Amino acid sequence: MDIDSKAPENAASVDTEIKDAADHISKTMEQLNIVEPSSSFKKKPVIIIVVGMAGCGKTTFLHRLVSHTMASNIRGYVMNLDPAILTLPYGANIDIRDTVRYKDVMKQFNLGPNGGILTSLNLFATKFDEVISMIERRADELDYVLVDTPGQIEIFTWSASGAIITEAFASTFPTVIAYVVDTPRSASPATFMSNMLYACSILYKTRLPLVLVFNKTDVAQHEFALEWMKDFEVFHAALDSDHSYTSTLTRSLSLSLEEFYSHLRSVGVSAITGSGMDAFFKTIEASAEEYMETYKADLDKRRAEKERLEEEHKKENMEKLRKDMEKSRGETVILSTGLKDGLEEDEEDEEIEDDDMISEEDYVDDDEEDEDLARG
Amino acid sequence: MGYAQLVIGPAGSGKSTYCSSLSQHCETIGRSINIVNLDPAAENFNYPVAMDIRELISLEDVMDELGLGPNGGLIYCMDLNYHMHLEENLDEWLTEELDNYLDDDYLVFDCPGQIELFSHVPVLKNFVEHLKRKNFNVCVVYLLDSQFITDVTKFISGCMASLSAMVQLELPHVNILSKMDLVRNKRDIENYLNPEPQTLLAELNQRMAPQFGKLNKSLIDLVDQYSMVSFFPLDLRKESSIQYSLSQIDMSIQYGEDADVKVKDFDQEDDD
């Protein structure tokens, strides 16, 4: 396979050398620290995966979280998984855009924007074990890992790569899903119910503790939501007057949702004003404890699930790679080694550079998303 | 009276492929259908497009002109709060285009994947109202990639996601498990197509943390009681499979019946 490499061969071998050296050093250090092998479970940091509908304010919320942690002596680590975001208002320790160039992916594989994002996430997911290792190595210095997900919710929640990333986290650290709700938009009972049903869908898919984050409380207070969640009759009355669907179905749904709410914690925040931050972190702590008590038992199943997902994903990719190699006649996508970006960006952590030096060779074996998926 | 399918589902579930196969199938059996593209972010099509929203607005143009990324761009395209004038144009455009279609015409709308567009933005709801005003019977076809349904928790998750869209659109609803041709162990999927509540509940209780027993039961009951939550399999390689799905959908919109408008009692659908 011809690797259309921008960097001369010397640089590539130097990169590998440096990487080997870095690996060697960390291995030695691990031995000194009597750290358990990386496959063991850690109590910290707590991973907070921030998901929500497009426009609910995930990134603004993340920004607020980052500011809060910096101001409060909380040790946070920040990860951006949105390959298509143009400007990130906060500094990320790990940014998917360093490793995958979304626009190049789109161009090279002739994909639309959705396809580009899915493919970028796919590529990143194949390297995710490295991300986990990196966090493990720093586990003692971190309290939380804050993860920003792609703008459109289902790119993360209904994709194989989203599942791989979630399971990778959840099999190693206590992981909590922060489901951000656009409070003003959810003031209509039908929209509220739709939103909650979707949250329920995420609960069952990830099988992780879920925290409802009612954002934009500066625009609309979330008390109505709390009332609806507490008293199903009040909710159903509001829904009935607003709806034309038969009330037996909506009544059953409301009842199921009432049971659903009893398993959730919620908190009202405003990313803009900063209100609710302490409450948010208290809630996360409680959820992390819940994780340790009940979800940890599930660990073996999770790891098995993650491995299964990766296996299937790999098989698919090898097949597609073969087809696409034929199609594109041997051209391969040019992905960033991350080296240049690692140097340019204001990285506090030098270790980042080591891990960003994923050589292009690695990527030749990985593949992009099926083009049909992009169109479908 | 016109008939319409609204094809929705997560990104990558196979909506455009479905439309394309449906188009070919109908050509084979001599049935006339018209495919409409409602996705401003769509790139190219495998099916002949009768109407295309990109004539009105295209994601690429919006992104270029306004300097937005794909997320912001799509929301901009679809969220009429941002540009009231578009709503008027959309109405005009729809009226003009739909006037080209006579009675008994059958339209299939290939929608964008993002669920935000159903839950958070009124555009698709308004669009449906518009169709109804023009005397169309509309059915929602929700596609889910069958490869994701690997165990009962994913199945419940899929049902919830479908319901999430359903409660907003308030229309007859048919759920389809797409890409059955890619599923390795078809027998496992069978369990979810004809759900045995007791067995599913037992499995669900095993997989979820112990405190979820009550919620598990509540959701399994929901799936059991309301056939509208059930899924049909679709294997696009088989004509019979496509035809079966089509018949189910036709039934939902009463295509082929010389019927007066019936008031459907949604929670008393026949068991399919």
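A note on names: the letters A, B, ... follow the listed sequences, proteins ahead of strands, and every chain is numbered from 1. Just so you know, these numbers come straight off a predicted model, no measurement behind them.
- Highest contact tally toward chain B, considering only A:Ser201, A:Ser256, A:Ser262, is held by A:Ser201 [criterion: heavy-atom pairs under 4.5 Å].
- Heavy atoms closer than 4.5 Å to chain A are found nowhere in B:Asp221, neither backbone nor side chain.
- Residues B:Tyr192 and B:Val152 are in side-chain contact: their nearest non-hydrogen atoms beyond the backbone lie under 4.5 Å apart.
- In this structure, A:Lys205 is positioned above the aromatic face of B:Phe148, its NZ or CZ under 6.0 Å from the six-membered ring centre and within 45° of the axis.
- With a 4.5 angstrom heavy-atom cutoff, B:Phe212 touches chain A via backbone and side-chain atoms both.
- Heavy atoms of A:Leu253 lying under 4.5 Å from chain B belong to its backbone as well as its side chain.
- No option in A:Thr166, A:Leu210, A:Ile202 other than A:Ile202 meets the side chain to side chain contact (heavy atoms under 4.5 Å, CB included) test with A:Val51.
- For chain A, no part of B:Ser20 is nearby; none of its heavy atoms comes within less than 4.5 Å.
- Put simply, the residue from B:Val108, B:Ile176, B:Val140 that forms a side chain to side chain contact (heavy atoms under 4.5 Å, CB included) with B:Val7 is B:Val108.
- Side-chain N/O atoms of A:Tyr102 and A:Asp82 include no donor and acceptor closer than 3.5 Å.
- When B:Leu215, B:Thr153, B:Leu204 are compared by the number of non-hydrogen pairs under 4.5 Å with chain A, B:Leu215 comes out ahead.
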